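Working notes, structure below.
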Amino acid sequence: MKNKKYDPKKIEPKWQRYWEGERLFEVTEDTRKEKYYLLEMFPYPSGKIHMGHVRNYVIGDVMARFKMMQGYNVLHPMGWDAFGMPAENAAIENRSHPAKWTYENIDYMRSQLKKMGLSYDWTREFATCDPEYYRWEQWLFIQMYKKGLAYKDSSTVNFCPSCQTVLANEQVEGGGCWRCETTVEQKELEQWFFQITKYAEDLLKACDELTGWPERVITMQKNWIGKSIGAEIDFPLEEGKRVITVFTTRQDTVFGATFMSLAAEHPLALELSRGKEQEKEVKEFVERVKKEDKIKRTSEDYAKEGVFTGSHCLNPLTGAKMPIYVANFVLMEYGTGAVMAVPAHDQRDLDFARKYGLEVIVVVQPPEGPLDFQTMTEAYLGEGVMVNSGQFNDLSSTEFREKIVEYLEEKELGRSAINYRLRDWGISRQRYWGAPIPVIYCDECGTQTVPEDALPVVLPAELELTGKGGSPLASSPDFVKAECPNCGRPGRRETDTMDTFVESSWYFDRYACPDYHQGMLDRKRVDYWMPVDQYIGGIEHAILHLLYSRFFTRVLQELSLIDFAEPFTRLLTQGMVCKETNECEEHGLLFPREVKEGKCILCGKQAIVGRIEKMSKSKKNVVDPDEQIERYGVDTIRLFILSDCPPDKELEWRDEGIEGSFRFLGRIWRMVHDNLESIANITPYRGTSSLEGESLKLHRLTHKTIKQVTEDIDRRFHFNTAIARIRELVNYIYQFNLPETSREATESGKAVLREAIEAVIVLLSPYVPHITEELWEVLGHKPSIVQLPWPGYYKDAIQEEEIPIMLQVNGKLRSKITVGADCSEQEIKEAALANNRIQEYTRGKEIKRVILVPGKLVNIVV
RNA sequence: GCGAGGGUGGCGGAAUUGGUAGACGCGCUGGAUUUAGGAUCCAGUGGGCAACCGUGGGGGUUCGAUUCCCCCUCCUCGCACCA
């Protein structure tokens, strides 16, 4: 027998070619089969696949292959989230075109994915920068515009005066532009918005139905939507008839409101000081606060400051005069941009009141006793009994909170109100590499959408990107020039492009019908495949991408394009890939390859091993997937990723772990080849003849393993424990071949051995598909394993006839016995009490109780 | 500050409903094999000489707690002037 060595380089390309040639992963709608849509978050084509991607796709691939074997019609597509800033920046740097950079990256990354043996239906692949994709996004924009779900409004944005562009919050670093470090300004700008707030309540409510999502993602979504139930209260100005409306969740404390705080952006902020001695001071303050970027304004050490406007308003319940301040901590974006300040019961208001010497009135008295309004430095936030609140004194604050709303409504001083933290989604970007917003402005007819038959509005191919000066599209006269669709006179095109989150909000629908040209979605096919049964991706998308996708799905449903509200039934958020960092005193952080035997290869000094951190280029603790695959083959990488820990936990990349996985594959390789001779023409045991001794044990373990592996994958995604169980079976198979048990080499023994070996191969196949296909062939079968049904187990086979029973005295383990499975409770108890060790512990003591847990233990209480 | 999750050998991690704590792997130790190294195969491996002690610390419920309850502590993640 030729004992060929395990050589992944030979077998992996072979099977990848086979799967592709046989088109095993290409699927169509098949109503006879139950569908299963498995999706991993598609990547941005940044250049190379990194370990985080590898982990994501490997987890998905195991699930996909497992579900295929379970008989589902599995849709498992892949594509590219291809619009975005890096392409544009690379183009500016290299004086090339973003499309060139993007498609080159896609080609390279696709080849990387293909080397990983992933079960994708590549016929469905698309890139979102393809006009055939974004034309439907533009079409949808038009439908949304018609329904009022897309609208234009002005809003405050981070703006870099040097780059002449809007920056997202995360692109502002320490108050400066991430690219040129110029101080970022706040600027009012006309922007396109999607009205996601219309769905705030529905998105929030439906969270509770997302039972297949991780709890923390649900919590994050709920917090992001941020529902507050409270009231709006109108505070009349001292002069004139106008009112300042505030939103509050503590309307019960309205009698304690002693001053008013306005946001700097509040329309009344400047107006109220006009002509007053405070005018100049207020103006300066407002200008200063407005200029400060959001990051600084929301930072922890931001000092709470304010200025008096010189005007007053009246407390609508007490009639008391309340000075109106402009305060830097009041946000225009939340509520009404005005806050009734109740210093006794709000810490910020108390700090503010103490700083500027304002009145403090206690209106909620804690159960512990009265508060001293003159000396208190900590606001009382809890519940209690109402005081200083006129006819409402002595009510509980919780009760009063409801009553006061009725009262306010009756007197027309206020109303119940609900506020959400969620804001409408600003989608305008002053960028080239994005989907153009399909709008034309006409001096006569105003804002017009592009006619549907004129879609897509394609990005101009010839355009020099300079990185300076506003929307790049605005510098292309050919692009801007457009005829008004309504009157035919010259108009100009919208030059902003859409946020790239728009593309990723519906790509999963498009995978169902990527070749459909008559419309955005082919209803029939989408109905068959959607929703996604299992979505897998990084926790970093817990809020934005997932929330936007849920929003879009509702919009599509409202437009009758689809008939479901939630796109992702089950969600798995995989953990990060981490590795220790290495540092040299002289050369700083080191890449893994710069460390040999714990020493820096540049100077030979001992490298300092740092914390285990998320793999990142800046920490230099990155491992290149290509190098690893080259060295060990992809099956080893897949096995390591899956066997080290559960998928939702962070994975620590360890070279020793990789070695261990590689060794294990060598072990199963030998397991097959070393036994090949004896099991070559044997039919696997099928439970027909009776078994005893080692054969029975092996048969039993085989079926126990099948049961546990199936449950670990299906119920909990615990691939690591599933693999551990398979390893146990492999260890047992090795035991089975020991010389002293070779008398078992009877026909039934061989049949059981073959059954066990085949079970190992089949159970491992979703994890390490190449080596298992190869060994399956070595065993004399025709490919492919992925077309086999997932193995079932015999209930009878896992039934033990002898059960170990633990014996405890007072809850402490003292002995163990083995009893027959058919033993009665009484017999077990008697056997336990008769046990020598137990007698030592019970001698001379009164036995108070004997507790029996069937099949597990006996506990004797003395 | 608020919310969520977590703390188990030298290390990564098991223990599904309260019932054998430490599966499986890494590392380490010993043995076999080998000209040698590597690879491979086998065995051992929580601490303690023992009685015993052990799941971050303290208390509780229970015949019995890694698991349930209370208090404390530390770590990770998310959110955060949200009125």
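These numbers come from a predicted model, not from an experiment. Order of the sequence lines sets the chain letters (A, B, ...), proteins ahead of strands, with each chain counted from 1.
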When the distance from [atom1] of [X] to [atom2] of [N] is rounded to whole Å, what number comes out?
| X | N | atom1 | atom2 | result |
| --- | --- | --- | --- | --- |
| Asn328(A) | A83(B) | CG | P | 18 Å |
| Ile805(A) | G64(B) | CD1 | P | 20 Å |
| Lys812(A) | A51(B) | NZ | C1' | 12 Å |

Under 4.0 Å between a side-chain N or O of [X] and OP1 or OP2 of [N]?
| X | N | result |
| --- | --- | --- |
| Thr721(A) | A23(B) | no |
| Arg814(A) | G64(B) | no |
| Gln347(A) | C2(B) | no |
| Asn731(A) | G25(B) | yes |
| Arg670(A) | A39(B) | no |
| Tyr734(A) | C42(B) | no |
| Arg667(A) | C41(B) | yes |
| Arg727(A) | A14(B) | no |
| Arg654(A) | G12(B) | no |
| Asn720(A) | A14(B) | yes |
| Arg421(A) | A80(B) | yes |

### Query
For the side chain of Asn223(A) and the base of C79(B), is some donor closer than 3.5 Å to an acceptor across the two?
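No.
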
### Message
Assess, by modelled atom type and distance only, whether the side chains of Asp712(A) and Thr721(A) contain a donor and an acceptor separated by less than 3.5 Å.
### Response
yes

### Message
Taking CZ in Arg421(A) as the centre, count heavy atoms belonging to other residues, nucleotides or ligands within less than 6.0 Å. Is the count above 12?
### Response
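Correct, the count exceeds 12.
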
#### Entry: Lys355(A) NZ: over 12 foreign heavy atoms closer than 6.0 Å
yes

### Message
Nearest to the Leu331(A) side chain among U16(B), A83(B), C24(B), which nucleotide is it?
### Response
A83(B)

### Query
Using the glycosidic torsion, which applies to G25(B): syn (within 90° of 0) or anti (everything else)?
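Base orientation: anti.
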
### Query
Thinking salt bridges, do Glu659(A) and Arg663(A) make one under a 4.0 Å N-O criterion?
no

